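Here the structure comes first, spelled out in C-alpha cells, and everything after it is commentary.
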Amino acid sequence: MPELPEVETIVQGLRPYIFKRKISHLKIFLPKIIHTKKVSPNHLIGTTIENISRLGKNIIFQLSNECHLRVHLKMTGQLLIKFPEEDFQKHTHAIFSFDGERFKLNYRDIRKFGFIQIFSAEEWEKWPKESPLGPDPLEVTFSFFEEKIIKQKRMIKSVLLDQTFLAGLGNIYVDEILYHSKIHPQSLPINLSSNAVQELYQTMVKVLKTAILLRGSTIRDYLGISGEAGNYQSKHQVYGRVNAPCHKCGTLIRKIKVAGRGTCFCPTCQKLEQGRRQADPL
DNA sequence: AAAGATGTTGCAAC
DNA sequence: GGTTGCAACATCTT
C-alpha cells in the first residue's frame, strides 16, 4: 500500500505524538506480525522512542535501549493514533500505550502481510547488509542516478520498482513518474537519451514532493495516522485510469502487465524508443 | 458466483 | 544475471 509519500506522511504525523514518549504497555493480538529473534516484546516496555525515521518504505523507531523497530506496512498496513473514546477496529493486531498519554498507537493490517520487526543493537547494525536498500529517490544525486541506471539491462519499470536500486517507489508512483517523463514502462534504460534520463530524474523528485505535500494517495486502504485520506490520487494521470482519456492527448489509457505488476500508461505520450542498434543498422 | 485484481516482497523455478 | 509465478491474506470488482 504505502509508498514513499504515504510512509513519509505517516512518519511526519507520528513525531509530534510519540517522539520522546515512553512505551508503557504493548498488547499483541496477532503474534505472528511481531518478527523478533533475540528481543522479547516485553523488553520494549519502559523504553523511550528516541527517533522516528523512514528508510524507503520502512518506518524505523530508534529506542532508548538501543533496540530498533522496523515497521513495514506492505499492502494494507496502517499505523493509527486512537483515543479511548474511539471504537476498536477489526484487523487491529497490536496496540502501543505511552506513559501519561491518553492516545494509543494501533497497528492494523487487513491482509496481514506487514510486520513489526524488533532488532537488538547488534542485529540492527547487521541489517543493512542483509537487505541492502538503494538510496532514497529524494536524496540520490543526478550523477549517481544516471550512472547507475544506464547500466541496467531490464525494463525501466522493473528497475524503478527494485528497492535495492532506489528505496521507496512502488507501483503507483512508478506509473505516474513514467507518464510525466513520457517514458514507456517497457523501455530499456540503454535506449534512453541523456535528456530523457534527466527528465526522469527531475520528474521523479517533483512527483514525490508533490505527493508528500498532498499527503499521499488513498486508493482503498491507505490512511494517515489520524485516519485521514491522502489527496494525491486526484492528481493521478494513469494509475487507476484504464480506458479513461489521457489528459494531454485524449488517447485511452492502457493497462498491461510489466514486471508482474499491472501497469497503466498512455500509448501515445509514452512511446517505446526503438533503440540505436535497430534504428541504425549501417 | 467463481475468478481475477489489489498499494509488497521474498523465494523457487526456469 | 534476467524473468515468471506463487505465496502470504482479505476484500472488492468483473
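Predicted model only: the values in this text are computed from it and were never measured. Every chain is numbered from 1, with letters handed out A, B, ... down the list of sequences.
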Margin query: Below 4.0 angstrom, which residues in residues 225-234 of chain A have at least one non-hydrogen atom near DNA chain B?
Written below: none
Notebook entry, point to check: How is the hydrophobic cluster of A:V238 composed, in terms of its other members, when Ile, Leu, Val, Met, Phe, Trp and Tyr link through side-chain heavy atoms under 4.5 Å apart, directly or indirectly?
Noted result: A:Y179, A:I253
Notebook entry, point to check: Between B:dT6 and C:dT4, how far is it from one P atom to the other, in whole Å?
Noted result: 15 Å
Next item on the list: Quick one: name the residues clustered hydrophobically with A:I60, using the 4.5 Å side-chain heavy-atom rule over I, L, V, M, F, W, Y, and just say none if it's on its own.
Entry: A:L55, A:F119, A:W124, A:W127, A:L133
Checklist line | Pairwise P distance for C:dA7 and B:dA3, with rounding to whole Å | finding: 15 Å
Next item on the list: Measure across A:S64 and A:E50 and return the closest heavy-atom pair with its distance rounded to 0.1 Å.
Entry: CB-OE2, 3.6 Å
Next item on the list: Sticking with atom P, work out how far C:dG2 lies from B:dG7, rounded to a whole angstrom.
Entry: 23 Å
Next item on the list: Using the six-membered ring wherever Trp is involved, compare the ring planes of A:F98 and A:F96 and label them parallel, tilted or perpendicular (cut-offs 30° and 60°).
Entry: parallel
Check: What residues join A:F88 in its hydrophobic cluster, counting side-chain heavy atom gaps under 4.5 Å, either direct or through other members?
Finding: A:F29, A:I95
Item checked: Sequence-distant partners of A:K104, side-chain hydrogen bond (donor to acceptor under 3.5 Å, both in side chains), two or more places apart -> A:S97
Item checked: Pairing of A:K82 and A:D87 as salt bridge, 4.0 angstrom limit -> no
What side-chain donor-acceptor pairs closer than 3.5 Å can you find for residues 212-221 of chain A, not counting sequence neighbours?
residue : atom : partner : partner atom : Å
A:S217  : OG   : A:Y173  : OH           : 2.7
A:S217  : OG   : A:H236  : NE2          : 2.8
A:T218  : OG1  : A:Y222  : O            : 3.1
A:T218  : OG1  : A:G230  : N            : 2.6

Next item on the list: Anything below 3.5 Å on both distances counts as a pair; with that, list the stems of at least three consecutive Watson-Crick or G-U pairs involving DNA chain B.
Entry: B:2-6 with C:10-14, B:8-14 with C:2-8
Margin query: Distance under 4.0 Å to a non-hydrogen atom of chain A counts as contact; along DNA chain C, which nucleotides mark the start and end?
Written below: C:dG2 to C:dC12
For nucleotides 7-9 of chain B, tabulate all protein N/O to nucleotide N/O atom pairs closer than 3.5 Å, reporting atom names and distance.
residue : atom : partner : partner atom : Å
B:dG7   : OP1  : A:N171  : ND2          : 3.1
B:dG7   : OP1  : A:Y239  : OH           : 2.6
B:dG7   : O4'  : A:M1    : O            : 3.4
B:dG7   : O3'  : A:E3    : OE2          : 3.4
B:dG7   : O6   : A:R220  : N            : 3.4
B:dG7   : N1   : A:R220  : N            : 3.3
B:dG7   : N1   : A:D221  : N            : 3.0
B:dG7   : N2   : A:Y222  : N            : 2.7
B:dT8   : OP1  : A:K57   : NZ           : 2.7
B:dT8   : OP2  : A:N171  : N            : 3.1
B:dT8   : OP2  : A:R261  : NH1          : 3.3
B:dT8   : OP2  : A:R261  : NH2          : 2.6
B:dT9   : OP1  : A:H72   : NE2          : 3.0
B:dT9   : OP2  : A:K57   : NZ           : 3.0

Note to self: Looking at A:R54 and A:G56, would you say the former's side chain and the latter's main chain have a donor-acceptor pair under 3.5 Å?
What the structure shows: yes
Notebook entry, point to check: Sequence neighbours excluded, which residues qualify as side-chain hydrogen bond (donor to acceptor under 3.5 Å, both in side chains) partners of A:T76?
Noted result: A:D109
Checklist line | For A:T47, side-chain hydrogen bond (donor to acceptor under 3.5 Å, both in side chains) partners two or more places apart | finding: none
Next item on the list: Hey, could you give me each pair passing ring pair (Phe, Tyr, Trp, His ring centres under 6.0 Å) that has a residue in residues 245-270 of chain A? Not counting sequence neighbours.
Entry: A:H184-A:F265
Notebook entry, point to check: Salt-bridged, A:D175 to A:K157, with N to O below 4.0 Å?
Noted result: yes
Next item on the list: Take A:K257 and A:Q152, find for each the nucleotide of DNA chain C with the closest heavy atom, and name the residue whose nucleotide sits nearer the 5' end.
Entry: A:Q152
